[in-house]
Colleague: 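Quick one: structure below, then a few questions.
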Amino acid sequence: MTRKRRTRFAPSPTGLLHLGHVVSALHARKMAGTGGEFLIRIEDIDGTRCIQPHIDALHADLDWLGFQSSECIRQQSQHFSEYQKVLENLKERNLLYPCFCTRSDIERDSVLDAPDGSTVYSGRCRCAGPEGRDRTPVWRLNMARALDVLQEVPDWHEVGQGRIAGRAHEFGDIVLGRRDNGVSYHLCVTHDDALQDITCVTRGRDLYEATSVHRVLQELMGWSEPHYAHHPLVMDENGKKLSKRENAEGVSHLRTNGWSADEVLRHPLVLKAFGE
Ligand code: GLU
């Protein structure tokens, strides 16, 4: 039996909703198709940047635009203990280690960039015990060990393209438990995609490379594998990615300037992102 199509729009409310989000949400809804389910999830594990006024504005803008979640909206900040359980599981399997390095240690020791542009960690704390360290560690995935367990570098299915070779081995030991809130984006997003039985993950092209890492977590945890459909990003007239701090393409800004919801959904930058 084929699974019911389920997609999600998963914004991080670090700012106000803008046309880039509108494209992401439309993309997810379109990929759900008729008869499929479209879910909204709020990815707000970063309590310093995801403030309540942004979350309230997000709900208001989505309502106004007519985006409705097929299920109750999941808000990640209310589920930290679930993510912690995944971390505990990986720790018990000796796949994580604590890292006490400071940002400057990391910058000094690292020579490589990962496929997503982040710095590849040198591995300095991989063999060192926590003795004598008094700061809270971050928890890193021992990537070589993880790939050893899996016996392969997982690939993924990109809609319209087929299997894409994974590059997890080029990421090094990524952080799965942050110092400030104990968890990480990679961990929470893959956990929730599995929990919510998302069949097709739709999101911007800026997260394309992160898929390699997400596939490793899915395989380690025995979670089902969704398809992926990355869409082009919305660029401003200078060809720059829209920033959450800029308001010109903000949904509430357009709304107060007399745009209707329909006009926002058919804004020239939105249509351009869909190649129309
Ligand atoms: N919450 C992420 C963001 O707003 C998107 C997560 C995802 O779609 O995988 O950038």
Side-chain angles (χ1 to χ4, degrees), residues 5-32 37-51 54-55 57-59 61-62 65 67 69 73-80 83 86 115-118 156-159 164 166 168 171 174-176 178 181 183-218 221 223-235 241-246 249-251 273:
R5 264 201 271 176
R6 280 165 71 89
T7 64
R8 66 2 178 232
F9 168 54
S12 297
T14 54
L16 297 172
L17 207 74
H18 58 59
L19 293 175
H21 296 110
V22 173
V23 167
S24 274
L26 281 171
H27 202 257
R29 199 165 66 179
K30 191 167 153 198
M31 291 303 285
E37 283 164 351
F38 161 81
L39 277 68
I40 296 172
R41 179 197 307 150
I42 299 182
E43 302 207 327
D44 60 341
I45 55 167
D46 187 337
T48 345
R49 295 171 66 221
C50 300
I51 52 172
H54 289 154
I55 298 174
L58 176 75
H59 284 294
D61 287 343
L62 289 176
L65 288 168
F67 287 108
S69 185
I73 296 181
R74 180 173 171 91
Q75 189 166 345
Q76 289 189 327
S77 60
Q78 292 171 10
H79 300 277
F80 279 111
Y83 309 130
V86 180
D116 65 351
S118 62
W156 82 82
H157 180 92
E158 181 74 20
V159 172
I164 304 290
F171 278 79
I174 50 153
V175 172
L176 291 187
R178 274 163 45 163
N181 57 15
V183 295
S184 79
Y185 155 66
H186 297 310
L187 182 95
C188 301
V189 78
T190 45
H191 172 275
D192 285 357
D193 286 337
L195 178 82
Q196 298 189 299
D197 197 22
I198 300 301
T199 58
C200 181
V201 170
T202 62
R203 59 187 178 194
R205 186 69 176 70
D206 51 341
L207 289 166
Y208 183 86
E209 299 292 354
T211 310
S212 289
V213 170
H214 298 174
R215 289 285 301 117
V216 170
L217 293 175
Q218 286 158 0
M221 295 306 298
W223 291 331
S224 61
E225 180 196 345
H227 286 181
Y228 286 85
H230 293 91
H231 61 76
L233 299 176
V234 177
M235 301 297 181
K241 189 184 146 185
L242 293 190
S243 151
K244 298 188 182 186
R245 281 166 287 278
E246 284 163 20
E249 291 86 9
V251 172

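We count ligands from 1, going down the list as the structure has it; atoms in each ligand are counted the same way. Worth knowing before you read on, the calculation uses all heavy atoms, side chains too, and leaves out hydrogens, waters and symmetry mates.
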Colleague: Does R41 use its side chain to pair, donor to acceptor, with the backbone of Q76 at less than 3.5 Å?
Modeller: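 No: the side chain of R41 does not pair with the backbone of Q76.
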Colleague: Measure L207 to ligand 1 on non-hydrogen atoms and call it side chain, backbone, both or neither using the 4.0 Å cut-off.
Modeller: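 The part of L207 near ligand 1 is the side chain, not the backbone.
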Colleague: Any idea which atoms of ligand 1 are less than 4.0 Å away from a heavy-atom of E43?
Modeller: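 Selected atoms, number and element: 1 (N), 2 (C), 5 (C), 6 (C).
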Colleague: State whether the side chain of D116 and the backbone N or O of A210 hold a donor-acceptor pair below 3.5 Å, judged by distance alone.
Modeller: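 No.
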Colleague: Can you give me the closest heavy-atom contact between F9 and L62, atom names plus distance?
Modeller: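 Smallest heavy-atom distance, with atoms named: CE2-CD2, 3.8 Å.
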Colleague: Would you mind running through ligand 1 and noting each atom that sits below 4.0 Å from a heavy atom of V189?
Modeller: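 Those of ligand 1 that fall under 4.0 Å from V189 are 9 (O).
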Colleague: Using distance alone, decide if ligand 1 has a nitrogen or oxygen within less than 3.5 Å of any nitrogen or oxygen in S12.
Modeller: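 N/O-N/O distance under 3.5 Å: yes.
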Colleague: Could you tell me which atoms of ligand 1, counted from 1 in the order shown, lie closer than 4.0 angstrom to a heavy atom of R8?
Modeller: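 Result: 7 (C), 8 (O), 9 (O).
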Colleague: If we only consider heavy atoms of Y185, is any one of them less than 4.0 Å away from an atom in ligand 1?
Modeller: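 Yes, Y185 has heavy atoms under 4.0 Å from ligand 1.
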Colleague: Would you say T199's side chain and R6's backbone share a donor-acceptor pair under 3.5 angstrom?
Modeller: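 Present.
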Colleague: Test T211 against every option in R203, E158, H157 by the side chain to side chain donor-acceptor pair (under 3.5 Å) rule and name the one that passes.
Modeller: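 Of R203, E158, H157, side chain to side chain donor-acceptor pair (under 3.5 Å) with T211 is met by R203 alone.
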